[in-house]
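In what follows, chains are A, B, ... by sequence order, proteins preceding strands, each numbered from 1.
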Protein chains: 2
Amino acid sequence: MDAMDWALLAELQADARLSFSELSRRVHLSAPAVAERVRRLEETGVITGYHARVDPALAGRPVSAVIRMNCYGPRCILRDGAVTAWPEILEVDRVTGDTCCILRVATASMAAFEELIDRLAPHGQPSSTMVLSTPVPWRPLSPAPGAEAKGR
Amino acid sequence: MDAMDWALLAELQADARLSFSELSRRVHLSAPAVAERVRRLEETGVITGYHARVDPALAGRPVSAVIRMNCYGPRCILRDGAVTAWPEILEVDRVTGDTCCILRVATASMAAFEELIDRLAPHGQPSSTMVLSTPVPWRPLSPAPGAEAKGR
DNA sequence: ACTGAAAGAGCAATACA
DNA sequence: TGTATTGCTCTTTCAGT
């Protein structure tokens, strides 16, 4: 992970659809070298994928929320793949503290959200917080502050 | 937003680097028609961008956390663009409840995390929860359950 | 609103230095 | 890793349905 890798990551995080040629122009490296570096970043798992980002509200899911789940031991939703596969659930983090995991969800309506809570309740006590807006929806990962570029 | 738009969104959320030609093969539509639809999805804001996703741990940020901020009115971090621009802060949601916003952060070490908390403290009371793992890092948005495909 | 063809640009992938 | 070449795919446009 040297400075060149970070330059490539910056470009691809900003626009995943850039061609290798266009990337090579922006980072001042030859196209084959760029292709090889990106391939390595993918293979080592640094780049986990390339995804279009969709606005939930404009896609018919105006109700967003963060739900902290206090699961009942054996019925923990993390032990039930069917639950974490529900389409309303956009993200699941296992965390420390008095709660077992945090869910990020989006539904088409308050009624649908209420119904989701009802479905979650058998697995644990849900504590919901509605998302009013998202001032920073996402930020590209950059080199950790203080970290020096290192060779591999 | 008809079924064809959703098919395109599904493909692009799974792989943002697909060409229009490849997309046209997968959804059984001509390439120009695909290009036009994707252009509309971008222009109407349904697609907000195309981004490479990077594994924070493999990119030198093994410490992830969710921080609920109880801001001190005028010093609320939402009123200070400089704060929300800190590279450790990956996402900010404004929420309902006894807290003003929720931050998603990633740092290179516990020491760096502690230092981040110190920097946040003047703006409000941070309540931190460490992320142990992320069973569902992300899920593509699909048509809201129960919603019928509708013309525009 | 979509198809199909045709044009040209631009790209990925070699091979070799 | 860079340069150069080769073959090809992709984007875009346009006329037609």
Side-chain angles (χ1 to χ4, degrees), chain A residues 1-55 57-61 140-144 147-152, chain B residues 1-55 58-60 140-144 147-152:
Chain A
M1 289 290 302
D2 59 10
M4 188 56 72
D5 283 328
W6 278 111
L8 291 171
L9 286 181
E11 295 293 343
L12 285 174
Q13 286 181 97
D15 184 356
R17 285 176 72 80
L18 292 173
S19 67
F20 291 144
S21 320
E22 178 61 25
L23 276 173
S24 79
R25 269 169 238 132
R26 300 197 181 189
V27 303
H28 306 298
L29 202 68
S30 71
V34 165
E36 173 65 12
R37 276 174 179 265
V38 171
R39 194 189 60 77
R40 289 190 80 91
L41 288 169
E42 291 167 353
E43 277 200 352
T44 56
V46 175
I47 293 178
T48 60
Y50 305 92
H51 310 284
R53 184 162 271 261
V54 174
D55 184 315
L58 289 180
R61 311 263 205 113
L141 221 54
S142 51
E148 287 309 306
K150 287 189 181 157
R152 355 181 38 247
Chain B
M1 289 289 301
D2 58 12
M4 188 56 71
D5 282 329
W6 277 112
L8 291 170
L9 286 181
E11 295 293 342
L12 285 173
Q13 287 181 95
D15 184 356
R17 285 177 73 78
L18 292 173
S19 67
F20 292 146
S21 316
E22 178 60 25
L23 276 174
S24 78
R25 273 169 234 133
R26 300 197 182 191
V27 304
H28 306 297
L29 204 68
S30 69
V34 165
E36 173 65 11
R37 276 175 179 265
V38 171
R39 195 190 60 76
R40 289 188 82 91
L41 288 169
E42 290 168 353
E43 276 200 351
T44 56
V46 175
I47 293 177
T48 61
Y50 305 91
H51 310 285
R53 183 163 273 262
V54 174
D55 183 314
L58 290 181
L141 221 55
S142 51
E148 288 308 306
K150 287 187 181 157
R152 353 183 31 251

Using a cut-off of less than 4.0 Å, is there contact between a side-chain N or O of B:R37 and OP1 or OP2 of C:dA1?
no
Modelled atom types, side-chain donor and acceptor of B:Q13 and B:Y50, under 3.5 Å:
no
Which pair of heavy atoms, one from B:A52 and one from A:A16, lies closest together, and at what distance?
N-CB, 3.6 Å
Distances for protein N or O near nucleotides 3-6 of chain C N or O, under 3.5 Å:
unit_1	atom_1	unit_2	atom_2	d
C:dT3	OP2	B:S30	N	2.7
C:dT3	OP2	B:S30	OG	2.8

Could you check B:E43 against B:R40 for salt bridge (charged side-chain N to carboxylate O under 4.0 Å, His left out), going step by step and ending with a plain yes or no?
CA-CA 5 Å; B:E43 276 200 351; B:R40 289 188 82 91; over 6 Å; no
What residues form a side-chain contact (heavy atoms from CB on, under 4.5 Å) with B:A144, not counting sequence neighbours?
A:R61, A:A108, B:A147
Smallest heavy-atom separation, A:T44 atom then B:L58 atom, equals O-CD1, 3.3 Å
Read 5' to 3' with Watson-Crick or G-U pairs under 3.5 Å, [ ] for crossing pairs and | for partners on another strand, DNA chain D gives ||||||||||.||||||
Contact list please: residues 10-23 of chain B against DNA chain D, heavy atoms, distance less than 4.0 Å, in numerical order.
B:S19, B:F20, B:S21
Partner residues of A:A31 under the side-chain contact (heavy atoms from CB on, under 4.5 Å) criterion, sequence neighbours left out
A:S24
Would you mind reporting whether A:V27 and A:M4 have side-chain heavy atoms less than 4.5 Å apart?
yes
Is the closest side-chain heavy-atom distance between A:H51 and B:L12 below 4.5 Å?
no
Within the 4.0 Å heavy-atom criterion, would you say B:R25 contacts the bases, only the backbone, or no part of the nucleic acid?
sugar-phosphate
Separation of atom CD in A:E36 from atom P in C:dA13, rounded to whole Å
12 Å
Pairs flagged by salt bridge (charged side-chain N to carboxylate O under 4.0 Å, His left out) wherever residues 10-23 of chain B is involved - sequence neighbours left out:
B:E11-B:R26, B:E22-B:R25, B:E22-B:R26
Using a 4.5 Å cut-off on heavy atoms from C-beta on, say whether the side chain of B:V54 contacts that of A:L41.
no
To the nearest Å, give me how far apart CZ (B:R26) and P (D:dC10) are.
11 Å
